[in-house]
Q: 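Following this message is one structure expressed as structure tokens.
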Protein chains: 2
Amino acid sequence: MRPTMKDVASAAGVALKTVSRVVNGEPGVNPTTAERVRAAIDALGYSRNESARVLRQGRTATVGLVIEDISDPFYSGLGRAVEQVAIAHGCLLLSGSSGENPERERELVRTFCARRVDGLIVVPAGDDHSYLRPELDAGTPAVFVDRPPGPEIDVDTVLCDNAGGARLAVAHLRRAGHRRIAFLGDSPSIFTAAERLKGYRAALGGLFDPALVSMRAPDLAGTGADLEHMLGLPDPPTAVFTGNGRLTVTTLRTLRGRPLALVGFDDFELADLLTPGVTVVAQDPAGLGRVASELLFRRLAGDRGPAQHLQLPVRLIARGSGEQSPSDS
Amino acid sequence: MRPTMKDVASAAGVALKTVSRVVNGEPGVNPTTAERVRAAIDALGYSRNESARVLRQGRTATVGLVIEDISDPFYSGLGRAVEQVAIAHGCLLLSGSSGENPERERELVRTFCARRVDGLIVVPAGDDHSYLRPELDAGTPAVFVDRPPGPEIDVDTVLCDNAGGARLAVAHLRRAGHRRIAFLGDSPSIFTAAERLKGYRAALGGLFDPALVSMRAPDLAGTGADLEHMLGLPDPPTAVFTGNGRLTVTTLRTLRGRPLALVGFDDFELADLLTPGVTVVAQDPAGLGRVASELLFRRLAGDRGPAQHLQLPVRLIARGSGEQSPSDS
DNA sequence: TTGAAAGCGCTAACAC
DNA sequence: GTGTTAGCGCTTTCAA
């Protein structure tokens, strides 16, 4: 159906190899011949079959990215950054959403590896990564981002300072006078959620009260109900620390203007336009993606050094919601 | 480096073809033999080289998606829907961002076609699609979504009712008593922006005033300045219709609470939590993606009918900002 | 039920 | 400067 190099060759009256040379920009082709070949290529609408090239050369010039959900702004920001670095290195990005499902994560990685991606960037959903062993051994480098891999493998990792960010948030609320600070977090099986809980707990010290902690997959019904329940306690929270962007939004939607001091992990668009502005601990999704993919391309360029474990800083952005005093609620 | 079928075959003591049969689940293999082969596969960590399979069979089981920017919630929502339909059909999604650059759009399509995607879904950045001719002729179907292709090709198209949505927005504002309604739109070279301008103009009739129209690529400096200039006119607008989600946010950021009736094209998260809530004409990005990819898979399943041109409805969601009367500003 | 051989479209290695 | 040949890892075809 589609024209092949052979078709181009006979159309241009040259040998296969000459067409290959022209297509690949190899030197040592007579300009006139090259022009004739190019004309044939245009006339036939030829485009090289990458599968054949890959089969021969081994390198696919593709990179695989596994994230949780591309429609989540955090991951789409991260994905865009990875894509840009990939383009800069002449690579195509394959990406897929795991939906927080370890089985699907595995399947995506398997699919990518079967397509022989040159490298992998993974936001893991599961915590057993022994399945990656053969791929790593076969020379396919992997970089984990946002969350570390299980103990079975030791690969480059780029995380943010989860515990530190949580401590920052809680300390900020304590400085405003709060002693009853709730934590609404994601499911404790998720690394970042567990780390943020640790930071929250450390910063609270003796003020820690398990009745003020809710950790579950974010959905309005569950987390919202937990918050309502806490607010109905005899000694209710006067402030809340939300464990990620989605939970912050869920919380705002539950509160609907009721005053409660709030600091959220993750920045989000429009946080500054709400009333009051939402104080957040901001991480840099694009930065995570950029650093992770640069690490990967360094590996692809031949870096065989020990696995690197990087941590990116977070910063607190005060906008109003986190500066309300306990008496305001 | 990586084990091949041949390696598995010799490890299991069978012929290449038997391994192939097991890997592909073909019938007619002795269960005992199959088990032995599977053991060898696990022991070696074998995974089939898809490039080789594709080279032989022709079908890649991949679909290419070209969008404007994956970090834009509109496109990431669309992309996620396409991904889900692709998964349901056992396909991998290749996607890339054109960044509103026709050259990059072309390059992405070329890359995808060189990788022999089975089909294409395109949000075009340019308006000349003659370059797609050879691919279409070679049997690679394409579906255009959000914006139509240039006149050179006639392919399946899924759009939303841009002009109708704009009329809806303006009529809504007129009903609230507004006669001076500004339009802040994206660059007029973009199909959706041009269509929305048409609808705006049609709904305004004799009230149309070019001094109240700004059309340019969204950025705070430019569009914000245009709006400020309009607000400084002797007969300033009392309402504004913003042409897409990004422009709505830009406008909110420019106004920073100053009262001005507002209806925006595109819904966005938190629109309901702002004060006042932002009235929007909502389209359904996931619906666009889903319908477009279902159309594509129908083509891949063999549908050879004439090109379809679908239009998805939009709906107005009143939240407060569009119901303010002229005297409020 | 199993296997041998040919060939998908390309590039690497080596003629000429 | 150009062409010939072999072979990447798999599936298809045909034979045993």
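In the text below, chain A, chain B and the rest are named by the order of the sequence lines, each starting its count at 1.
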Q: Looking just at side-chain N and O atoms, do A:Glu68 and A:Ser97 make a donor-acceptor pair shorter than 3.5 Å?
A: no
Q: Just call it for A:Val14: base, sugar-phosphate, or nothing, with non-hydrogen atoms closer than 4.0 Å on any strand.
A: sugar-phosphate
Q: Tell me, which pairs form a ring-ring contact (aromatic ring centres under 6.0 Å, His included) where one or both residues lie in residues 80-126 of chain A, sequence neighbours left out?
A: A:His89-A:Phe297
Q: Is it true that B:Glu107 and B:Arg110 have a side-chain N and a carboxylate O under 4.0 angstrom from each other?
A: no
Q: Spell out protein contact along nucleotides 7-16 of chain C as letters: B when the base is contacted, S when just the sugar-phosphate is, - when no protein heavy atom is under 4.0 Å; keep the 5' to 3' order.
A: BBBBBBB---
Q: Does any donor atom in the side chain of A:Arg56 or B:Ser51 lie under 3.5 Å from an acceptor atom in the other side chain?
A: no
Q: C:dT1 P sits how many Å from B:Glu35 CD, rounded?
A: 16 Å
Q: Reading DNA chain D from 5' to 3', where do the contacts with chain A start and stop? Cut-off is 4.0 Å to heavy atoms.
A: D:dG1 to D:dG9
Q: Whether the side chain of B:Glu50 engages the backbone of A:Ala114 through a donor-acceptor N/O pair (distance < 3.5 Å, no angle test) should be reported.
A: no
Q: Identify the heavy atoms of A:Asp7 and A:Arg2 that sit nearest to each other, and give their distance.
A: OD2-O, 4.1 Å
Q: With heavy-atom distances below 4.5 Å as the criterion, would you say the side chains of A:Pro148 and A:Phe191 are in contact?
A: yes
Q: With distance as the sole criterion, is a donor-acceptor pair present between the side chains of A:Thr62 and B:Arg115 under 3.5 Å?
A: no
